[in-house]
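Not measured: the values here are computed from a predicted model.
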Amino acid sequence: MREITLSKAVNEAIAEEMRRDETVFLLGEDVAEAGTPFKILSGLVEEFGTERIIDTPIAEPGFMGIAVGAAMTGTRPIVDLMFGDFLFLVMDQLCNQAAKTHYMSGGKLNVPLVLRTNLGATRRSAAQHSQSLHALVAHIPGLKVALPSSAYEAKGLLKSAIRDNNPVVIFEDKLMYQDKAEVPEEEYLIPFGVANIKRPGTDITLVATSSMVQVAEKAAGILNSDGISAEIIDPRTIVPLDEETILNSVRKTSRAMVIDEGHQSYGVTAEIASRINERAFYHLDAPVIRMGAMDVPVPFSPALEDLTVPTPEGVAHNARKLVRGELVHAA
């Protein structure tokens, strides 16, 4: 099987779906001639033209509103939001319009749009371009939320998102665009709500999202040298969430840690930890530990920025203490 970058996987997914369905189009800032700042969309405008790869003004609320209206009237827009931090600018269109239209129309209208954007710190982009805001939209009923952890997941989840009749927000980690993974040449889809057991284990369950899957895998390697077997679960989508795969793992290992790059307070780590506590409490030998980003604006300083997000060494340290029955202060 060939290896391609996450950037290439996203590009292929969009091109394949645009060839398959002429109602699919893409719009956003610098998506045509520039191919976005990360060059993910390079080459698409040459194949599909400026009527389907549409450069917009720097007016996120405006082009998000256009996409919602277009989706309601029979097309499948893909909105490219240059940075996930710009979510705040489109929240009304996304959360009050796209997420609610199906319910407010008695099921007569659908809004099949995809908002693809990014997350992640440690890129030296400072406080307004380094946030991980997926928990905000996961809180809104009517939206689906996907977090690919590799090129394989990025392509399969994006193709599923484009075909879904509901609004989907998909977050790609901006540091992973050049990471390579095995991706089939033939078509495949990854269904929403189906987690992936990235690594089997017996002593502790590590539930990790997006780039934190790689952090968890490195931590598992460290733990393995200590004789500790860690099972890694990648939820792939947090809405819908595959609770059963997570719970079955925790019932087996009796210990769990949840790792996510969003801020730790009121976020994804808290939600997943709560569900484990509610449905697998009597299988636990220790409290569920959460590891998220520090509850501070992401610093520009490299030395400070690197301290704000979970690291393999930090995950391994806390997991080791958890397995040994020692008190863990992960916050």
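At least one donor-acceptor pair closer than 3.5 Å links the side chain of Asn11 to the backbone N or O of Ser42. In this structure, Ser105 contributes its side chain and His102 its backbone to a donor-acceptor pair below 3.5 Å. A donor-acceptor pair is defined here as one N or O able to donate and one able to accept, closer than 3.5 Å; such a pair exists between the side chain of Asp55 and the backbone of Ala32. Distance alone, capped at 3.5 Å, places no donor-acceptor pair between the Ser274 side chain and the Ala270 backbone. Remark: side-chain polar atoms of Thr101 are paired, donor with acceptor, to backbone N or O of Gln97 under 3.5 angstrom. The backbone N or O of Asp226 lies less than 3.5 Å from no partner atom in the side chain of Arg320, so there is not a single donor-acceptor pair. In this structure, Arg255 contributes its side chain and Asp203 its backbone to a donor-acceptor pair below 3.5 Å. With Ser160 contributing its side chain and Ile190 its backbone, the two residues share a donor-acceptor pair below 3.5 Å. Counting only distance, with no hydrogens or angles, the side chain of Thr237 and the backbone of Gly193 share a donor-acceptor pair below 3.5 Å.
Judged by distance alone, the side chains of Gln131 and Asp85 do bring a donor and an acceptor atom under 3.5 Å apart. Side-chain atoms of Thr269 and Asp260 form no donor-acceptor pair, as typed in the model, at a separation below 3.5 Å. In summary, the side chains of Thr253 and Glu231 do not present any donor paired with an acceptor at a separation below 3.5 Å, with no hydrogens or angles considered. The closest side-chain donor-acceptor pair between Glu153 and Ser150 falls under 3.5 angstrom.
In this structure, the separation between OG1 on Thr311 and CG on Asp306 is 10.0 Å, given to the nearest 0.5 Å. In this structure, CE on Met91 lies 10.5 Å from CG on Leu89, to the nearest 0.5 angstrom. In this structure, CD1 on Ile78 lies 8.5 Å from CZ on Arg116, to the nearest 0.5 angstrom. The line from CG of Asp179 to OG of Ser7 is 11.0 Å long, rounded to the nearest 0.5 Å. Rounding to the nearest 0.5 Å places CG of Leu6 at 12.0 Å from NZ of Lys155. The CG atom of Leu241 sits 8.0 Å away from atom CD of Glu271, with the distance rounded to the nearest 0.5 Å.
Under the 4.5 Å side-chain heavy-atom criterion for Ile, Leu, Val, Met, Phe, Trp and Tyr, Phe192 and Val207 are members of the same hydrophobic cluster. Hydrophobic clustering (ILVMFWY, side-chain heavy atoms < 4.5 Å, transitive): Leu133 and Val298 are in distinct clusters.
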Practice prompt. Test Met176 against Glu172 for side chain to side chain contact (heavy atoms under 4.5 Å, CB included), laying out the working first.
Written response: CA-CA 8 Å; Met176 291 172 56; Glu172 302 146 7; over 6 Å; no
Worksheet item: Yes or no on side chain to side chain contact (heavy atoms under 4.5 Å, CB included) for Asp80 and Leu27, after CA distance, side-chain angles and deciding distance?
Response: CA-CA 6 Å; Asp80 184 289; Leu27 73 165; over 6 Å; no
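For NZ of Lys321, the number of neighbouring non-hydrogen atoms (other residues, nucleotides, ligands) closer than 6.0 Å is greater than 12. Surrounding NZ of Lys8 are at most 12 heavy atoms belonging to other residues, nucleotides or ligands under 6.0 Å away. In the displayed structure, Glu51 atom CD is contacted under 6.0 Å by at most 12 heavy atoms of other residues, nucleotides or ligands. Heavy-atom neighbours of Glu3 CD from other residues, nucleotides or ligands within 6.0 Å: above the threshold of 12. Summarising the local packing, NZ of Lys198 is surrounded by more than 12 heavy atoms from other residues, nucleotides or ligands at distances under 6.0 Å. For Glu47, the CD atom is densely surrounded, since the number of other residues' heavy atoms within 6.0 Å is greater than 12.
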Check: residues 63-77 side-chain donor-acceptor pairs under 3.5 Å, at least two apart:
| from | atom 1 | to | atom 2 | distance (Å) |
| --- | --- | --- | --- | --- |
| Thr73 | OG1 | Gly69 | O | 3.0 |
| Thr73 | OG1 | Ala70 | O | 3.2 |
| Thr75 | OG1 | Ala70 | O | 2.8 |
| Arg76 | NH1 | Ile162 | O | 3.2 |
| Arg76 | NH1 | Arg163 | O | 3.4 |
| Arg76 | NH1 | Asp164 | O | 2.9 |
| Arg76 | NH2 | Asn165 | OD1 | 2.5 |

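Taking the six-membered ring for Trp and the full ring otherwise, Tyr188 and Tyr152 have centroids separated by under 6.0 Å.
Across all their heavy atoms, Val213 and Ser149 have their closest contact at CG2-CB, 3.7 Å.
A salt bridge links Arg20 to Glu17: one of the charged nitrogens lies within less than 4.0 Å of a carboxylate oxygen. The pair Arg2-Glu12 meets the salt-bridge criterion, since a charged nitrogen lies less than 4.0 angstrom from a carboxylate oxygen.
Residues Asn277 and Leu284 are in side-chain contact: their nearest non-hydrogen atoms beyond the backbone lie under 4.5 Å apart.
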